[in-house]
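Worth knowing before you read on, the calculation uses all heavy atoms, side chains too, and leaves out hydrogens, waters and symmetry mates.
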Amino acid sequence: QVRLVESGGGWVQAGGSLRLACAASGRSFSDLHMGWFRQAPGKEREFVSAINWSGETEHYADSVKGRFAISRDNAKNTVFLQMNSLNSEDTAHYYCAARTATRWKPRDPESYDYWGQGTQVTVSS
C-alpha cells in the first residue's frame, strides 16, 4: 500500500507561484511513476503533469506547459510541482497519484493505483 500526502497549496494572486509537494510512503519510491491531476468545482478531474520513475521523462498538459515543472527526489520520496504564472483557471484541488506497474498511461487517471487527498490551490485575479 502506498500513502501519498500532498502539501504546498494555498492562496496566491494571479501571476504568482506555488510549489506543491507529494510525499510517498509504503513502497520504494523509485518503483513509482507519479502524476499530478486537478479538479475544479463542477469539472472533471484533469491531467496536469507526470514523471516516470527515474525522472527522465516528463509529461505536461498543454494548459500548463511552459509554466509548470514537475520533478522528483527519489532520496526524499517526494515529487514536486512548481507552478509559475498562475491564473484563475489554475484554481482547483490538486491531487498526487502513483502508478506501480510498468505499463503506464501518464495522462489517464484510470492508470494510477494510488491517490492522495489533495491540496487546494486558489488563484485570485
Side-chain angles (χ1 to χ4, degrees):
Q1 193 75 4
V2 175
R3 182 169 183 251
L4 304 172
V5 179
E6 301 94 333
S7 61
W11 179 90
V12 64
Q13 287 190 322
S17 299
L18 284 174
R19 189 190 195 204
L20 304 184
C22 172
S25 61
R27 187 182 176 117
S28 175
F29 189 63
S30 59
D31 289 344
L32 303 174
H33 303 306
M34 302 298 296
W36 286 99
F37 291 78
R38 66 187 182 187
Q39 188 167 18
K43 295 187 177 181
E44 293 186 354
R45 188 170 297 190
E46 66 171 352
F47 168 76
V48 176
S49 183
I51 190 167
N52 79 326
W53 68 273
S54 67
E56 292 179 343
T57 305
E58 301 171 11
H59 306 267
Y60 296 95
D62 288 344
S63 59
V64 308
K65 199 172 294 183
R67 300 188 298 122
F68 289 14
I70 192 170
S71 61
R72 64 189 294 158
D73 185 339
N74 284 357
K76 296 183 178 180
N77 297 342
T78 303
V79 62
F80 303 96
L81 185 68
Q82 177 67 44
M83 306 187 296
N84 300 324
S85 302
L86 286 161
N87 59 61
S88 58
E89 295 193 351
D90 296 316
T91 294
H93 206 73
Y94 283 70
Y95 297 90
C96 173
R99 168 74 175 182
T100 56
T102 55
R103 296 183 67 180
W104 175 50
K105 296 178 181 179
R107 301 171 185 269
D108 183 0
E110 298 296 324
S111 185
Y112 291 82
D113 304 303
Y114 302 99
W115 292 82
Q117 293 299 307
T119 185
Q120 179 67 31
V121 171
T122 302
V123 183
S124 173
S125 57

Participant: On a heavy-atom basis, which atom in Gly8 and which in Leu18 lie closest, and how many Å separate them?
Facilitator: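 Minimum heavy-atom contact is O-CD2, 3.9 Å.
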Participant: Check whether any side-chain heavy atom of Met83 sits under 4.5 Å from a side-chain heavy atom of Val64, and report yes or no.
Facilitator: no
Participant: I need the minimum non-hydrogen distance between Asn74 and Ser30, along with the two atoms involved.
Facilitator: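 Heavy-atom minimum between the residues: ND2-CB, 3.7 Å.
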Participant: What are the two closest non-hydrogen atoms of Ser49 and Leu81, and how far apart are they?
Facilitator: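 Closest pair (atom of Ser49, atom of Leu81, distance): CB-CD1, 4.0 Å.
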Participant: Got Trp11 and Thr91 here, is their nearest side-chain heavy-atom distance under 4.5 Å?
Facilitator: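 Not in contact.
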Participant: Quick one, Ile51 with Val79, criterion side chain to side chain contact (heavy atoms under 4.5 Å, CB included). Give me CA distance, side-chain angles, the key distance, then yes/no.
Facilitator: CA-CA 9 Å; Ile51 190 167; Val79 62; 4.0 Å; yes
Participant: For the NZ atom of Lys65 and the CD atom of Glu58, what is their distance to the nearest 0.5 Å?
Facilitator: 11.5 Å
Participant: Rounded to the nearest 0.5 Å, how far does CG of Asn77 lie from CZ of Arg3?
Facilitator: 13.0 Å
Participant: Let me confirm one number: the CG-OG1 distance from Asn52 to Thr57, rounded to the nearest 0.5 Å.
Facilitator: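 So the CG of Asn52 and the OG1 of Thr57 are separated by 4.0 Å.
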Participant: What do you reckon, is CD of Glu46 surrounded by more than 12 foreign heavy atoms closer than 6.0 Å?
Facilitator: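 Yes.
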Participant: Which pair of non-hydrogen atoms, one from Ala50 and one from Trp104, has the smallest distance, and what is that distance?
Facilitator: CB-CZ2, 3.7 Å
Participant: Checking Glu6 side chain against Gln117 main chain: does a donor-acceptor pair fall under 3.5 Å?
Facilitator: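 Confirmed, Glu6 side chain pairs with Gln117 backbone.
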Participant: At what distance, to the nearest 0.5 angstrom, does OG of Ser111 lie from CZ of Arg103?
Facilitator: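 Here the rounded value is 9.5 Å.
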Participant: Among Tyr95, Phe37, Tyr60, Tyr94, exactly one meets ring pair (Phe, Tyr, Trp, His ring centres under 6.0 Å) together with Phe47. Which residue is that?
Facilitator: Phe37
Participant: Tell me the closest heavy-atom pair linking Tyr112 and Pro106, and the distance in Å.
Facilitator: OH-O, 2.7 Å
Participant: Are the side chain of Asp90 and the backbone N or O of Asn84 linked by a donor-acceptor pair below 3.5 Å?
Facilitator: no
Participant: Looking at CD of Gln82 and CD1 of Ile70, how far apart are the two atoms once the value is rounded to the nearest 0.5 Å?
Facilitator: 12.0 Å
Participant: In the structure I gave you, are the side-chain heavy atoms of Ser17 and Phe68 within less than 4.5 Å of one another anywhere?
Facilitator: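 With C-beta onward as the side chain, the pair stays apart.
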Participant: Are the side chains of Cys96 and Trp36 in touch, meaning some heavy atoms are under 4.5 Å apart?
Facilitator: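 The answer is yes; the side chains approach within 4.5 Å.
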Participant: Would you find more than 12 non-hydrogen atoms of other residues, nucleotides or ligands less than 6.0 Å from Glu89 atom CD?
Facilitator: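 No, because the 6.0 Å sphere around CD of Glu89 holds 12 heavy atoms or fewer from other groups.
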Participant: How many angstroms lie between OG1 in Thr119 and CZ in Arg38, if you round to the nearest 0.5 Å?
Facilitator: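 It comes to 14.0 Å.
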Participant: Evaluate the side-chain proximity of Val121 to Leu20: yes if any heavy-atom separation is below 4.5 Å, no if none is.
Facilitator: yes
Participant: Where do Cys22 and Met34 come nearest, in terms of heavy atoms and distance?
Facilitator: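 Result for this residue pair: SG-CE, 4.2 Å.
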Participant: How about Gln1 and Tyr114: do any of their side-chain heavy atoms sit closer than 4.5 Å?
Facilitator: yes
Participant: Is the backbone of Trp53 close enough, under 3.5 Å, to the side chain of Arg72 for a donor and an acceptor to pair up by distance?
Facilitator: yes
